[in-house]
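All values reported here derive from a predicted model rather than from experimental measurement. So that the names make sense, note that chain A is the first sequence line, chain B the second, and so on, each numbered from 1.
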Amino acid sequence: MFKKILVANRGEIAVRIMRTCREMGIATIAVYSEADRSALHVQCADEAALLGPSEPGESYLNIDKIIAAALQAGAEAIHPGYGFLSENAQFASRCEEEGIIFIGPPASAIKLLGDKTRARAAMLASSVPVIPGMTQPEDDIEKLSSQAAAIGYPVLIKAAAGGGGKGMRVVSDPRDLQGAFTEATSEARRAFGEGAVYLEKFLDRPRHIEIQVLVDRFGQAVHLGERECSIQRRHQKIIEETPSPALDANLREAMGQAALNAVRAAGYVNAGTVEFLLDNEGKFYFLEVNTRLQVEHPITEMITAIDLVRQQIDIASGLPLAFKQEAIRFQGQAIECRIYAEDPETGFLPCPGKILFLKEPLGPGIRVDSGIYSGFTVPTAYDPILSKLIVHAADRPQAIERMRRALAEYVVLGIKTPIAFLREVVGSEAFRRGATHTRLIDESFNPWRPTAQMTDAACIAYAASQEMPRKYQMGDGVKTADHFPTPWETLGSWSL
Amino acid sequence: MFKKILVANRGEIAVRIMRTCREMGIATIAVYSEADRSALHVQCADEAALLGPSEPGESYLNIDKIIAAALQAGAEAIHPGYGFLSENAQFASRCEEEGIIFIGPPASAIKLLGDKTRARAAMLASSVPVIPGMTQPEDDIEKLSSQAAAIGYPVLIKAAAGGGGKGMRVVSDPRDLQGAFTEATSEARRAFGEGAVYLEKFLDRPRHIEIQVLVDRFGQAVHLGERECSIQRRHQKIIEETPSPALDANLREAMGQAALNAVRAAGYVNAGTVEFLLDNEGKFYFLEVNTRLQVEHPITEMITAIDLVRQQIDIASGLPLAFKQEAIRFQGQAIECRIYAEDPETGFLPCPGKILFLKEPLGPGIRVDSGIYSGFTVPTAYDPILSKLIVHAADRPQAIERMRRALAEYVVLGIKTPIAFLREVVGSEAFRRGATHTRLIDESFNPWRPTAQMTDAACIAYAASQEMPRKYQMGDGVKTADHFPTPWETLGSWSL
Amino acid sequence: MEYRLLVNHEEKKLTLSSSPDLKKTAFLEGISHQYELKSIGAQEYLLELDGRLIPFYLACEDAKTHLFIQGETFIIEDQAAARIIRRGSSDDLARMVTPPMPATVIRVLVSEGEQVERSQALMVLSAMKMETTLVAPYHGRVIKINAAPGAQVMPGEILVEIEPDEEDQHGAGTNL
Amino acid sequence: MEYRLLVNHEEKKLTLSSSPDLKKTAFLEGISHQYELKSIGAQEYLLELDGRLIPFYLACEDAKTHLFIQGETFIIEDQAAARIIRRGSSDDLARMVTPPMPATVIRVLVSEGEQVERSQALMVLSAMKMETTLVAPYHGRVIKINAAPGAQVMPGEILVEIEPDEEDQHGAGTNL
């Protein structure tokens with residue numbers, strides 16, 4: 001087993017990885033940028049190396065600097081976390097060249113799965129269902145029409161050169177195909193200079209379901225069930241849960257097997273996540289493989305009691321998987337809410353700043369993976385994730401109430417967070433029914449304003465706190481300058 | 001379901017019960033003594049009623065006052081927690097008379113199980129194994145000798161009028177019986193004025209194993225596996241775990257069935273715990289039934305994902321059990337450490353006082369059930385339990401390392417706690433082997449001194465903090481009077 | 001005392017009755033509420049409002065107070081001038097007649113209604129065995145004296161309320 | 001600076017090199033350690049000791065400091081007299097020549113070696129546009145002056161160190 005690991009990441013995920021390292025008796029090296037000198041992940045490590053300025057290219061994305069730090073400190077392995085260099089094949093290769101173990105899949109698998117066309121071809125060759133569609137553009141309306149019939153309506157016309165929704169049309173009725181084709185072609189030509197289009201199956205309000213897999217170096221592979229990640233804003237997940245209310249044991253097994261086929265097709269090793277879209281008829285389609293630890297991995301840990309970071313490290317160090325598929329059991333329901341520094345009242349714009357007060361929820365079935373502390377200033381340079389709140393309970397209704405209780409206990413003052421927003425979404429009738437899809441927030445919670453049932457109580461609370469005699473206000477707590485005015489504040493009317 | 005519950009307890013267990021009530025949408029009423037005006041359980045409730053002075057008899061043990069508070073606030077039910085009135089049959093009867101539901105077993109079952117002789121007789125009648133022994137004193141050495149042979153050596157001679165170890169002798173060899181009998185009789189006569197003795201089977205370093213059961217009003221009963229509670233100091237548990245390293249599936253099932261027989265024999269309803277002693281040959285003996293929620297109930301919740309407080313409330317409200325025995329599964333390993341305000345260096349003497357700083361562990365597999373906060377003064381009048389730290393992991397070695405990591409993250413300044421002591425016990429070779437028994441701490445960790453590997457670092461840390469320029473010392477945190485002297489501190493040399 | 005607050009940009013007016021012996025009452029939009037307040041920590045409080053217990057948490061930043069109560073967060077701006085001592089608002093503070101440390105009142109040198117000059121002595125206090133003098137921060141008229149000789153006074157308590165003259169209005173509200 | 005500490009009743013002596021530009025060094029029982037210290041919060045610090053990062057937590061109660069470091073808790077008593085400002089020890093504090101607020105030194109009125117009387121003016125500071133004077137807390141001899149005109153000084157910094165006369169020894173150590 002490794003003696004020392006460098007964690008090439010920051011924030012909550014770096015802290016979380018270091019916790020498992022500590023439990024495994026492995027020393028950790030943090031890396032940090034100038035903006036992160038006081039960050040929590042630096043406090044949790046055994047050693048720390050400054051990479052450079054806050055810009056990711058000068059710090060957390062700088063391969064040379066990270067490799068140099070690892071060599072300098074004598075790290076045997078690097079855990080990349082998620083984001084930053086975690087899916088960078090060049091970084092994985094470089095680690096290999098330098099004799100450092102990259103805790104993740106081989107560079108070849110990252111490369112293959114990062115190329116969407118090659119990945120799609122590999123999946124097709126391994127009988128993993130992919131979204132039906134054409135692989136070449138077509139301008140003959142007759143050929144398009146027969147392709148559309150083969151794919152099955154509704155279909156989506158997409159610009160080959162496209163992006164951003166330009167040249168895109170949903171066609172539900174064969175009679176509308178001609179008109180939509182003409183519009184899409186001309187729109188694409190105006191936007192991209194060329195009008196070529198192709199067809200893909202259109203999925204209406206699909207669910208986003210992903211399967212966690214573990215593959216060791218000896219070809220043994222298991223799946224750890226699904227995660228339902230359909231609740232998204234700005235195309236980014238914000239609430240995840242497992243099991244998914246949309247899966248039964250049969251569908252879970254079918255998707256699990258498809259996920260194992262997908263990673264086997266790519267020569268994958270270590271922890272990975274196979275993402276699928278699931279339509280409302282129970283058909284699922286391969287989307288992509290995330291060749292790293294997912295943000296939402298804790299919900300799988302809650303219902304399986306398996307520590308995924310420990311598995312990653314064990315696999316990277318060459319150990320075989322210690323359990324077989326049939327030993328993996330799922331107990332209860334887990335939900336995760338991501339706590340971002342962002343404002344749900346302004347379309348989730350990031351709001352970094354200083355955390356003036358922090359109190360995290362505690363008690364039965366609660367887990368907090370946090371990268372912040374009271375007094376920490378959230379830097380502007382990085383992803384605004386602050387922490388993740390995860391709950392575990394016997395069943396979905398209990399997990400929902402537990403999440404709502406925990407969110408109500410979670411106090412973050414000084415910056416905007418979506419805590420109150422999440423409480424409302426989790427308590428909504430649609431979420432309770434399990435009727436979640438990727439457009440739920442856009443359709444039902446945007447724009448959003450807090451209900452503010454406590455405004456009057458807040459006014460009285462504020463005013464009462466101002467009237468409290470200073471000597472009582474000290475309570476049992478630390479005496480602060482708020483209570484005991486410093487000479488700066490009080491000497492004004494003194495005769496000196 | 002109830003709309004409002006009074007929680008007739010304080011500290012961490014009152015807080016923990018209120019959390020589940022909140023998740024169930026049930027309003028809570030806290031009761032508190034004058035010593036607990038600022039206690040955490042008061043802050044967690046929807047309403048609070050002052051009972052009276054700090055003495056338990058004037059507050060938490062005062063049936064009239066608690067009943068009056070419940071009636072006044074319109075509580076439909078009372079949860080007694082553990083300790084205080086939780087096993088008081090008179091209190092349960094009184095609730096019944098006043099039309100308030102007591103969340104626990106019927107008064108008759110509390111009464112029966114609280115009377116050790118009647119309980120033993122009931123167990124014998126239901127084929128629950130009890131510690132073999134005589135029920136009447138005997139002064140004829142011949143009869144004693146044949147009784148000893150029937151019980152099986154080693155036997156324990158006990159004074160009928162006894163207590164405190166007086167008149168007690170362990171006899172392993174039949175040839176020593178006569179001499180031991182003479183000694184014990186005369187010692188008992190000197191101590192208690194009468195020399196009558198009887199015999200009981202002697203268990204050498206037994207394990208303390210208990211089985212959690214749930215029984216609904218319709219006679220359905222399930223067991224939720226065992227808890228191993230062998231690590232004790234001052235005859236009180238301090239570390240508990242489940243599963244027990246001493247049980248296999250067969251023994252678990254046998255003990256589970258015995259536990260269900262035991263509670264059925266007593267006409268039991270609601271959550272209860274059947275305590276057994278387990279000898280080193282795998283034989284188990286009924287000890288007693290705890291007719292309430294146990295301190296260590298969270299470890300069962302961790303491995304079953306079942307909320308025991310929710311089950312208690314559901315059963316008390318008349319709901320049938322929602323699951324059968326075969327649906328209950330045990331996942332992973334859970335360990336609990338009790339954090340007391342006590343000093344392991346002085347034989348665990350209680351050390352109440354003010355908590356100057358508190359930081360609780362977070363992250364994967366950690367649960368903290370706490371009754372304290374930074375600035376809280378732990379009252380002297382009550383049991384010195386502060387909180388419970390519970391961990392859950394895939395297997396026992398991982399749970400041990402997780403507990404050690406979590407204990408190292410747990411910061412309590414201002415009062416003595418056994419945190420460092422617990423870290424050492426959990427990391428000891430005996431604990432890792434699972435070779436735990438009720439005398440482990442007395443034999444191997446008493447007296448105990450901290451290893452203090454960080455003394456030099458502590459000196460440097462202290463001195464460096466004193467040299468830090470004050471303006472830097474403010475960091476990002478709250479400015480406190482430690483940094484910014486108040487006029488009390490600084491005006492001395494001013495010319496005023 | 002009267003409060004004019006901006007709560008998440010919405011204006012709210014309320015009045016608290018401040019007699020220490022009576023049950024505390026807040027009047028807000030025509031409704032009266034009974035309340036009690038307990039301080040738990042430096043930033044944590046427990047409010048009992050019409051019989052219901054509500055913990056809340058406060059943090060101040062510049063002129064804004066962030067307040068968390070029952071899962072909701074509010075940003076409160078106090079529209080009344082410098083009612084209380086707040087870190088950083090030294091200009092306002094310099095204009096308040098309040099002791100810089102716990103002290104005992106020795107002599108009161110002015111009476112209600114009296115006109116005072118800036119820097120005129122108002123009250124003599126004793127603290128740490130030293131006598132010290134509170135002076136008027138600006139020209140004005142004494143409208144209220146809140147402490148008599150022998151009283152124990154604390155930082156933050158306004159001991160002498162002075163209505164400033166026209167030309168000396170800055171930073172002084174009706175509550176000074 | 002030299003420290004004499006009682007750590008869980010065991011006596012420890014150490015010396016920290018305090019020149020701000022050099023690598024910081026601690027000498028303890030014949031061994032020298034490189035260290036850096038960062039303040040994280042009001043009671044939380046991060047120590048880098050010989051290349052290893054060690055967070056620690058402090059709380060003061062009376063003359064004792066409770067310190068938590070890597071799972072171990074220490075109670076530390078500082079044997080040197082009132083080296084630092086500590087809440088509650090007002091007797092000692094009243095005897096230190098330190099500014100009560102951030103200020104600028106205007107004039108130094110004494111020189112090293114000079115004999116001073118109790119209450120004799122030592123230094124004039126400016127803060128909040130007011131001039132204020134630091135005076136000698138007891139009779140004695142000025143052994144060191146730590147600030148020159150123009151210097152920015154902070155509460156807790158000892159600006160003038162005075163060795164007390166025999167009859168005025170109470171509470172004054174060599175470091176005053």
field: Contact origin within A/Ile419 toward chain C - heavy atom pairs under 4.5 Å
entry: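 For A/Ile419, no heavy atom lies under 4.5 Å from chain C.
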message: Between C/Glu44 and A/Phe357, does the side chain to side chain contact (heavy atoms under 4.5 Å, CB included) criterion hold? Intermediate values first, please.
response: CA-CA 10 Å; C/Glu44 309 180 35; A/Phe357 183 80; 3.7 Å; yes
Under 4.5 Å from any heavy atom of chain A, what part of [X] do you find: side chain, backbone, both or neither?
| X | result |
| --- | --- |
| C/Phe56 | side chain |
| C/Ile54 | side chain |
| C/Leu37 | both |
| C/Ile76 | side chain |
| C/Phe74 | side chain |

query: When you look at A/Leu413 and C/Glu61, which way does the side chain to side chain contact (heavy atoms under 4.5 Å, CB included) test go after all the steps?
result: CA-CA 10 Å; A/Leu413 290 180; C/Glu61 193 179 44; over 6 Å; no
- prompt: Among C/Val7, C/Leu28, C/Leu5, whose side chain to side chain contact (heavy atoms under 4.5 Å, CB included) with A/Thr455 holds?
  reply: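 Going through C/Val7, C/Leu28, C/Leu5 one by one, the side chain to side chain contact (heavy atoms under 4.5 Å, CB included) with A/Thr455 is satisfied by C/Val7 alone.
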Please find the pair of heavy atoms, one from [X] and one from [Y], that lie closest to each other, and give the distance.
| X | Y | value |
| --- | --- | --- |
| C/Glu72 | A/Ala452 | OE1-CA, 3.0 Å |
| C/Gln43 | A/Leu356 | NE2-O, 3.7 Å |
| C/Leu47 | A/Ala457 | CD2-O, 4.1 Å |
| C/Gly71 | A/Ala420 | O-CB, 3.8 Å |
| A/Ala464 | C/Leu16 | N-CD1, 3.6 Å |

message: Test side chain to side chain contact (heavy atoms under 4.5 Å, CB included) on A/Glu467 and C/Tyr3; report intermediate values, then the result.
response: CA-CA 11 Å; A/Glu467 298 216 341; C/Tyr3 291 83; 2.8 Å; yes
message: To the nearest 0.5 Å, what is the distance between CD1 on A/Ile415 and NE2 on C/His66?
response: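 Answer rounded to 0.5 Å: 10.0 Å.
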- request: Enter the distance from C/Leu14:CG to A/Tyr462:OH here, rounded to the nearest 0.5 Å.
  value: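 C/Leu14 atom CG to A/Tyr462 atom OH measures 10.5 Å (nearest 0.5 Å).
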- request: Could you tell me which of C/Leu58, C/Thr73, C/Asn8, C/Asp50 has the largest number of non-hydrogen atom pairs under 4.5 Å with chain A?
  value: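 Going by pairs under 4.5 Å, I would pick C/Leu58.
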